[in-house]
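Read through the structure below, which is laid out as structure tokens, and then see the notes.
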Amino acid sequence: MLGTMLIREATADDWPAIWPVFHKIVAAGDTYTYPPDLGEADARASWMQRPPFRTVVAVDEAGTVLGTARMNRNHQGPGSHVANAGYMVDPAHAGRGVGRALCEDSLAWARSAGYRIMQFNAVVETNVHAIRLYRSLGFEITGTLPGGFRHPTEGYIGLHIMHLVL
């Protein structure tokens, strides 16, 4: 576990520290549906949410970005009560509680913003650490799209939709 960790709103000044984490995770092509060659400008536009949505960073006592999360509405209109979130933890800090803290923070945000459900649209079935974390927080697999994800080494594998009633 980490010593002191703070989760705070991300600012434009945080992007230079977020980008290497984002790029490393997305370029690996094994957990996100972003194109592995996604450029920095498109990545920033996608990840850095504007109010009423939210992007945060988890930082240690030295201010080092350990991970980041983005939170937004998943659907519009009659589905606007469903929230969505995504998380990226710097692989150098994996397994130390950063992902759990980010996920718990996003759930608190969704509840306080009046959402009734948190839905993850695309959880790669080989992302066992994320699935274990989400299940430990009460998420359920709603369904799986067989072959919905083209993994760089496993080929076509399932993509889970997961949800939690808030």
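Hydrogens, waters and symmetry mates are skipped; everything else that's a heavy atom, side chains included, is used.
- Remark: R96 CZ to D90 CG distance equals 9.5 Å, nearest 0.5 Å.
- The aromatic rings of W47 and F22 sit perpendicular, their planes meeting at an angle over 60°, well past the 30° parallel limit.
- To the nearest 0.5 Å, atoms CD1 (I141) and NE2 (H160) are separated by 4.0 Å.
- T64 places no side-chain N or O within donor-acceptor distance of the main-chain N or O of V59, the cut-off being under 3.5 Å.
- The local environment of CD in E9 is crowded, with over 12 non-hydrogen atoms from other residues, nucleotides or ligands closer than 6.0 Å.
- Residues N84 and N121 form a side-chain contact, since some pair of their non-hydrogen atoms from C-beta on lies under 4.5 Å apart.
- For the pair F53 and M71, the minimum side-chain heavy-atom distance is 4.5 Å or more.
- Using modelled atom types, no side-chain atom of S46 and backbone atom of D42 make a donor-acceptor pair closer than 3.5 Å.
- Counting only distance, with no hydrogens or angles, the side chain of S106 and the backbone of C103 share a donor-acceptor pair below 3.5 Å.
- Taking a 6.0 Å sphere around NE2 of H75, one finds it holds more than 12 heavy atoms contributed by other residues, nucleotides or ligands.
- Side-chain contact between M118 and F139: present, with at least one pair of heavy atoms (C-beta onward) separated by less than 4.5 Å.
- Rounding to the nearest 0.5 Å places CG of D60 at 5.0 Å from CG of L66.
- Contact of the W109 side chain with the Y115 side chain is registered, since non-hydrogen atoms from C-beta on lie closer than 4.5 Å.
- Here the OG1 atom belonging to T153 is positioned 7.5 Å from the CG atom belonging to D30, to the nearest 0.5 angstrom.
- Separation of atoms CG (D37) and NE2 (H23) is listed at 9.5 Å; rounding is to 0.5 Å.
- Aromatic ring orientation, Y87 versus F120: perpendicular (interplanar angle above 60°, classes split at 30° and 60°).
- In this structure, the side chains of R44 and I18 stay at 4.5 Å or more apart for every pair of heavy atoms.
- Here the side chains of V57 and I7 are not in contact, with every heavy-atom distance at 4.5 Å or above.
- With contacts defined as side-chain heavy-atom distances shorter than 4.5 Å, the pair D14/T11 qualifies.
- Within 6.0 Å of CZ on R116 lie no more than 12 heavy atoms contributed by other residues, nucleotides or ligands.
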